[in-house]
Structures are given as structure tokens and as C-alpha cells.
Amino acid sequence: MAVLEVRNLTIRFGGLVAVNNVTLHVDEGKIVGLIGPNGAGKTTIFNLVTGVYNPTRGEIHYRGRSLVGMKPHQVASLGVVRTFQNIRLFKNLTVYENVRTAAHMGAKYSLLDGLFHTPRYHMYESEISEWSENLLRLLKLDARRADIASSLPYGVQRRLEIARALALRPSLLLLDEPAAGMNPQECRELISFIREIRDMFGLTIFLIEHHMDVAMSVSERMYVLNFGELLAEGTPSEIQNDRRVIEAYLGEEERDAQG
Amino acid sequence: MDGFRVKFIRGLGVLGLSASVAWVLASAIRARLPNYITGLLTVVAINSVTALGWNLVSGFTGQFNLGHAGFMAAGGYTSAILMIRLKWPFPVSFICGAAFAGFLGFLVGFPSLRLVGDYLAIVTLGFQYIILAVLNNTTPLTGGGLGLAGVPFRTHLPTATLTVVVTLWLLSNLVRSKQGRCFVAVKEDEIAAQSVGINTTYYKVLAFIISSMLAGLAGSLLGHFMMYLHPDIFNYLKTIESVSMVILGGLGSLTGSIVGALCITLVPEVFRNLATFVAGFGLMRASDFLRRGWMVFYALLFVVMMLARPRGLMGGRELTWEGVRSFAARLVTLRGVRGWPSSKSET
């Protein structure tokens, strides 16, 4: 069953058609990759799905519900949560505070409960603090729980951003270039990490990736985007042998000869 | 659930206890010490409420608000007019003043909080001038440029202190709740906050409303303390006063705001008394310099602070009993003070 269905998605910025007539779907429990050269419109698709932009045309359905016209926070509260290409943490907060802030959705108490610290406040707060602690343990961040987010090494910041997204108990996780800036060793760890969290939290994962080897080994299905249009789709091995994909990445043979 | 109820009752107990202690202490000061000291402490208390309000919206939520004095004026005039013209009892008009300021906060905040940084600052500053223009031109109701005289005296030191204690209790609860964490998330990174499902507009407007209500409370306390209101009291310098208190005490530190209010209120008084003291020795020129030149020291205080403690005296932390105790213990054993927030980690 498709968790996310995108049909004929188009967005224009003035004269530029950033995404043109893209149709794709992400199936429940799968890890689906979205690849393409720089400027192909991958992040734009994420921004459209998460409500940052409104599409010029087209439909986006999440579990049968249209996401078009929703604000980013509404999309997130439905269980579609994303990370960013250039990590966006709450930089001056600790690891624990980052996760706990994001766990606010589990705290169903009102402003008055918050002002007076009613029994209801204490009940939900103990729940979300337990949930945040668990999450830090599961993602092996508990040793760094009191560290300020901006002081963390790059790879750990990425993991924290994913932990923060998981704090919302999402069902669809959108990862924007999770391997950006990572060395081969970190990339290998990331691949198994993505599979692990998928199984642990019963997630569906849709990810943008620039590292071809990461994308190929982690994805179960892939979409290739070029100049805002869908170029190919299929399993990683199908994509690897697709002539149009090779052309888009390496250029045509004649042009290639000229350098 | 029982454990949670116990915690709730313990929280109320803390409020009850600190409120009674504050009341008894303030009453004793009022009864025993000279009026000058009592009055000064009342002003410190009023300024603390103002600073706490500004800290919530600008220190915690990161929305630079330059119209704070406008909301003070709204609260002060509302409460005063309700008491003078409609003969409403003080507690009711006091609350109504805050409610009206909060309502104005909603009206201004809702459209303008889409703006960020400098733009928001300019809009809120403009709002303050609108309030002053309205006050200056509604002479039959507010007395206009003549001022509003005959405001009943109600802000005794115990009343003002009680307001500070209750405000501090509520705010410290609030910043430790999900609402408080969402405020800080908005300040840290709005886009990230939205991506984790935080309705940033809602939390910005909420912070703005609560902050305006506190400004309204403070304005009302001020009116009932001075027994006179004039639009010029609430000019932009009044806002800047709150800004300096919060920055001196530390953005995002509630107790810092109170420390800041204490320092900023006392500095001119200290210099004034020093000038009189020096004059007593016949050093007239030195006395004159202190009397007129204290602003230089005031500015110097900030320059030194910016160099030594760029994040304010409290550096974003809170003054707690535990902190005070360990600080005192270290002082006694002379082992160096390590618990004190250091400026090293702040760069």
C-alpha cells in the first residue's frame, strides 16, 4: 500500500519550472531513494510534500489525505517528518533538550496546565521525558545527552537530527541527503543505521541521496530526477543500467569526448 | 496519578510559602524602614515585572519587541480609569488592565509577528507611538497631555512584591513546560521548529500576549504607585529601560531579569546618594560630576558587562537556592568559585 502518493506535481518559480509533472509513490515499510544531479528539484519535492511550498499543480496524498495547502507544522503533526540537507538543530540546546522539545506532541496538556504544573502536566511530562530518554538510548546518543548540539561532531549531529524527527513518532520519515559530508566509513554506518531505525520504529523512509553508492545500497526502489522531471524509476540494479540515467550523470558519449 | 498530584500540591506549596514570606518581609520593611527605601524597592518590584514580560517575548522567544512601554501605558491607564471613573475595586481593575494590554498584544502581535528581526522591532516601536498619540488626544478620558491625576494609591510594597513572586512562579513553570520549550525552539530555529510540528505563529502570538499582559500589570502598578499618569512616562526610553534590565541580567534568565531590574533601578540612586555624601565633605565639583555624569558610568557598566559577561550577569542561567548554597559554601572554604557561570563557555 502506498503511504505517500504524488501525482502530476508541478511547481513554477516565475519562469523556472523546478518540478514538472512528477508522479511517484512510496510504499509502506519501504526505503525509497530519490536521486538526481544538482538542481534537479529533489529538495523542492521534499519542500512540496512538507508544506514549505504550495504546488502550482498536482496532488500529494498521505494515507489518502491531501497534504496540499497544509502548513509545515500540520504535515509534521500528521506523522510526515523530515530532516534537512544542511542540518537544522536547536544549536544552543543540549542533545536531550533537542529531543524533548520535539516530543511536545506527546504532551497533551493546555496552557493552564503548563502555567500551574497540574497533575496532568506532571503525568505527560514524565511520559515524554521517558520517551526522550528511551530514544537517546536506542540511537546511542545517551552518552552525549548533556552536550550542546552545535558542539557535536558532524555525524552525531545528523543522528541527533534523525532522533529529533523520531521524537514525533512519525510513520513517514523524509531524509534529505543524510550522508552529505560523511566519509566512506560513516556512510557504511549510516546505511545500517537507516535500516535499523526503519525496523525498530516501523517506518517508511523516503530519502534524497547524492552519494550514489549509499543510495544504491540502502534503497529498495529509486526515482531519478533530472531538470525537474522524472527520468527513471525502479530497483537500484535497473537504475544502474538505465541508459538515460547514465547520460544524465555522465553526459552523452560525444559530449563526454570533448571533456 | 497520586505521585503527580503530590508534585502539583508541592508546587502550590512553594508558591504559598514564598508568597507569604515575601508578604511578611515586605510588610516589615514597609513598617520599619524609611519611606525612601520602601519606595525604591517598590520601583524595583514594578521594574522586575516589566523586565520579566520583555524577557519572555524577546529573551525566550527571540522576538525583538520595542513597544513594551506601549503595553504598560495601556494597562496603567485602563486600571486607573476604571478605578477613577467607574469606581471599580483595585483587584478587578488591576486584572482588567492586564487583560486589556494582553488583548492589544493579540491585535498587534497577530499581524506583525509574521515579520522578523528589525522589521518587527520597527512595527512594535510604531505601535508604541500610536498608543502615546491616542493617549495625548483623548483628553476627556485620559487627561491627554495634562496627565491623569488622582490615581488612587494602591501599590504598597507587599502588593508589588506579591505580584513579582506570583509572576516569577508562573513564568518559571511556563518555561519548564512544553510551551516554554516551544518558545525557545522558535528562537533557536523557526524552520526546524515547524519541521517538528511546532505552530510557530501560535507560540509567537502566545508569548507576545503573555508579555503584554505582564507589561500591563506593571503599568498598572506604576500608575497606582505614582498616583499620576502621563503619556511621556511611557516613551521609548521606558522600553529601553526594560531592554537594558534584561540584557544586563541575561536574556532567557528569569532571575536574571530581577537582578537586572535591581541593578538598573539602583544605579542612579546610588550615584545620587554618593553625590550628596561627597558634597558633605565640601567636594562640590566631584559631587556635581557624580550628579550629572552618572550616565557615563551607566554606559560604562554596560561596556564592561559586554566585555566580561557578554550574555548578561546570569548568562542565561537561573539563580537557584542550590546554586547560592554551593557558591556560599565555596566562598567559606575559599576553594575558588567554580559553580559561578563562567564566560569562557559562552563564545
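Because the structure is a prediction, the values reported are computed rather than measured. Chain identifiers are assigned alphabetically (A, B, ...) following the order of the sequence lines, protein sequences preceding nucleic acid strands; residue numbering begins at 1 within each chain.
A:Thr50 does not touch chain B: none of its heavy atoms, backbone or side chain, sits under 4.5 Å away. Neither the backbone nor the side chain of B:Val175 has a heavy atom closer than 4.5 Å to any heavy atom of chain A. Residue contact with chain B, scored on non-hydrogen atoms closer than 4.5 Å, involves the backbone and the side chain of A:Ala107 alike. Contacts between A:Ser126 and chain B at a heavy-atom distance below 4.5 Å involve the side chain alone, from C-beta outward. With a 4.5 angstrom heavy-atom cutoff, A:Leu168 touches chain B only via side-chain atoms.
Per-residue counts of heavy-atom pairs under 4.5 Å with chain B were compared for A:Val81, A:Val80, A:Asn92; the largest is that of A:Asn92. Between chain A and the residues B:Leu174, B:Leu206, B:Asn199, the largest count of heavy-atom pairs under 4.5 Å involves B:Asn199. The most heavy-atom pairs under 4.5 Å with chain A, out of B:Gly180, B:Ser172, B:Gly11, B:Ala193, come from B:Ala193. For chain B, the option among A:Tyr124, A:Phe84, A:Phe116 with the highest count of heavy-atom pairs below 4.5 Å is A:Phe116. Considering only heavy-atom pairs separated by less than 4.5 Å from chain B, the leading option among A:Glu125, A:Arg82, A:Lys91, A:Glu161 is A:Glu125.
Side-chain contact check for A:Asp113 and A:Thr118: at least one donor-acceptor pair (N or O, by modelled atom type) lies under 3.5 Å. Side chain to side chain, B:Thr61 and B:Gln63 fail the donor-acceptor criterion of an N or O pair below 3.5 Å.
Under a 3.5 Å cut-off, the side chain of A:Lys42 and the backbone N or O of A:Gly36 do form a donor-acceptor pair. Here the side chain of A:His104 pairs a donor or acceptor atom with the backbone of B:Val196 at under 3.5 angstrom.
Ionic pairing of A:Arg88 and B:Glu188 is not present here: no N-O contact between side-chain nitrogen and carboxylate oxygen is shorter than 4.0 angstrom.
Heavy-atom contacts from other residues, nucleotides or ligands closer than 6.0 Å to OH of A:Tyr154 number more than 12.
By the 6.0 Å and 45° rule, B:Arg181 does not stack over the aromatic ring of A:Phe90.
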